[in-house]
Colleague: 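Got a structure here, written out as structure tokens. Questions coming.
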Amino acid sequence: MELGEFSIIKQFFSSCGAKKSDCLLAVGDDAALLQTSSSQILVATQDTLVAAVHFFPDTDPEALGHKALAVNLSDLAAMGAKPAWFTLGLTIPQIDTKWLQAFASGLCSLATSTNTQLIGGDTTSGPLAISITALGWLPAFNNALLRSGAKPGDHIYVSGTLGDAGLALHQLTQGSAVSTMARKRLERPTPRLKLGQALLGLANAAIDISDGLLADLGHILTNSNVGAVVYLAAIPHSSVFKNYLEQGGDPMLAVTAGDDYELCFTVPSQNIGDLMDIATSLSCPIAYIGEISSEPGLRLYDSNKNIVTPQRHGYAHF
Ligand code: ADP
Ligand code: MG
């Protein structure tokens, strides 16, 4: 059988080198958690964007600089961490000063607005690719937002709206007109840092949606050893996405296309009142989309209460 991304990681990289007692969480979540001599936990994550795989080679370099950092900050958000530093591995085919200036501008303005500092990296020549390692802090380990903490009965929520980035990608690959808003969601995602930090102590589990809701929620279900019921009719859509649906678009796009960079999280019922207060005070829209169950697997219902069997759950690299 062919190996996929996750079986490759599991087979070759899930246990490599020493088992350090100060590594509280290694391979398998949105980020690793490391004990330090302070009471805080150091959080580390890495994400890579490769030209023609993760973005069109002619993407606006300013947006690309923003996105390369944003996707990493989104993994810190999914742990409830506050970002601190990052390193930049930049591989470029040639020196193009204008391109570099715009790329740096997008990167640095998100770094500034999130109080994050570039502390090093590596610059090489080759096919265009950007790899960032982001580091941040968690106040404590016991309430970190792990993929493994979901419990039967938890309510499942997502932030923002889903499918806008997927719609932009769909329109771009079809060569059809692309909505400005959807394109912005694809090219300049907003990491949900404030929400992630506010969920500490409230949510039992969290993940950021980078590969499609069904795929990413699937990681929570596998790691938590639980199942879920999800209602397609409850998935939050933007007006642009609703418009696409009204014209006969595919509702599955919102739950299987990647690049949303919203958070999916599970909350026990006693914390829902506090969750609503937080969403209001952060002006962060959140939507209830279903519930965690003890029965394994993900059961997706359409608006007629019929089970939907998705052909795919999300983006797969291999
Ligand atoms: P995300 O989508 O949140 O970035 P991934 O699905 O890329 O997470 O990765 C899942 C887990 O596997 C993470 O803990 C990540 O650090 C780990 N991982 C991915 N690739 C490798 C690798 N080559 N070596 C070690 N760990 C890896
Ligand atoms: Mg992630």
Side-chain angles (χ1 to χ4, degrees), residues 24-25 28-34 40-49 65-87 106-107 109-117 132-141 143-150 156-162 164-165 184-213 215-217 219-220 223 236 258-267 271 274-275 278-279 281-287 289:
L24 303 174
L25 183 72
D29 214 300
D30 291 299
L33 303 182
L34 307 164
Q40 294 196 90
I41 307 296
L42 188 61
V43 186
T45 185
Q46 175 171 19
D47 256 331
T48 302
L49 301 183
H66 171 100
K67 183 164 179 175
L69 180 57
V71 300
N72 279 277
L73 298 183
S74 178
D75 277 320
L76 295 185
M79 305 304 290
K82 189 182 269 188
W85 316 277
F86 67 102
T87 62
L107 180 79
S109 76
L110 181 62
T112 304
S113 68
T114 54
N115 199 26
T116 309
Q117 185 182 354
I132 285 182
T133 296
L135 301 163
W137 291 111
L138 256 181
F141 180 57
N143 61 6
L145 303 175
L146 310 188
R147 295 179 180 182
S148 55
I156 308 170
Y157 285 85
V158 294
S159 59
T161 57
L162 301 187
D164 302 314
K184 192 165 168 239
R185 291 292 314 270
L186 175 67
E187 294 186 344
R188 300 184 59 90
T190 307
R192 293 287 189 183
L193 287 162
K194 292 243 159 65
L195 176 63
Q197 289 159 41
L199 290 176
L200 291 173
L202 279 190
N204 277 341
I207 191 167
D208 67 321
I209 307 173
S210 52
D211 292 340
L213 171 72
D216 290 317
L217 174 59
H219 295 309
I220 290 188
N223 289 24
D259 275 318
D260 294 301
Y261 296 102
E262 294 294 348
L263 295 185
C264 171
F265 50 97
T266 83
V267 178
N271 290 346
D274 289 347
L275 174 68
I278 277 164
S281 72
L282 294 177
S283 304
C284 178
I286 57 167
I289 60 159

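FYI, side chains are in, hydrogens and waters are out, and symmetry mates aren't considered; it's all heavy atoms of this structure. When a residue number appears, it is its place in the shown sequence, counting from 1. Bear in mind the structure is a predicted one, so any value in this text is a computation, not a measurement.
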Colleague: Name the residue from Leu107, Leu73, Leu135, Thr133 that meets the side-chain contact (heavy atoms from CB on, under 4.5 Å) definition with Phe86.
Modeller: Leu107
Colleague: Between Glu262 and Arg192, is the closest basic N to carboxylate O distance under 4.0 Å?
Modeller: yes
Colleague: Any side-chain heavy atom of Asp30 within less than 4.5 Å of one from Thr45?
Modeller: no
Colleague: What I'd like to find out is whether the side chain of Ser210 reaches to under 4.5 Å of the side chain of Tyr261, using heavy atoms alone.
Modeller: yes
Colleague: Enter the distance from Thr112:OG1 to Gln117:CD here, rounded to the nearest 0.5 Å.
Modeller: 10.0 Å
Colleague: Compare every heavy atom of Ala78 with every heavy atom of Asp208, then report the nearest pair and how far apart it is.
Modeller: N-CB, 3.4 Å
Colleague: Could you report the tightest heavy-atom contact between Ile207 and Arg147, atom names first, then the distance?
Modeller: CD1-NE, 3.3 Å
Colleague: How far does CH2 of Trp137 sit from CG of Leu34, to the nearest 0.5 angstrom?
Modeller: 9.0 Å
Colleague: Do Cys264 and Asp216 make a side-chain contact, defined as non-hydrogen atoms from C-beta onward lying under 4.5 Å apart?
Modeller: no
Colleague: Out of curiosity, Leu24 CG to Leu33 CG, how far, rounded to the nearest 0.5 Å?
Modeller: 6.5 Å
Colleague: Taking the side chain as every heavy atom from C-beta outward, state whether Leu138 and Leu200 have any atom pair closer than 4.5 Å.
Modeller: yes
Colleague: Minimum heavy-atom separation for Leu193 and Ala81, please, with both atom names.
Modeller: CD2-O, 4.0 Å
Colleague: I need the single residue from Asp259, Asn72, Asp47 that forms a side-chain hydrogen bond (donor to acceptor under 3.5 Å, both in side chains) with Lys67. Which is it?
Modeller: Asp259
Colleague: Is there a side-chain contact between Leu275 and Asn271 (heavy atoms, below 4.5 Å)?
Modeller: no
Colleague: Looking at every heavy atom in both Pro191 and Ala70, which two are closest together, and how far apart are they?
Modeller: CB-O, 3.8 Å
Colleague: How many angstroms lie between CD1 in Ile289 and OG1 in Thr266, if you round to the nearest 0.5 Å?
Modeller: 10.5 Å
Colleague: Shortest non-hydrogen contact from Leu49 to Ala68?
Modeller: CD1-CA, 3.6 Å
Colleague: Rounded to the nearest 0.5 Å, how far apart are CE of Met79 and CD of Gln197?
Modeller: 13.0 Å
Colleague: Looking at Gly28, is its backbone amide N or carbonyl O close enough to the side chain of Asn223 to form a donor-acceptor pair, meaning the two atoms are under 3.5 Å apart?
Modeller: yes
Colleague: When rounded to the nearest 0.5 angstrom, what distance separates CG in Leu199 from CG in Leu145?
Modeller: 6.0 Å
Colleague: Looking only at heavy atoms, what is the nearest atom pair of Phe265 and Ser159, with distance?
Modeller: CE2-N, 4.4 Å
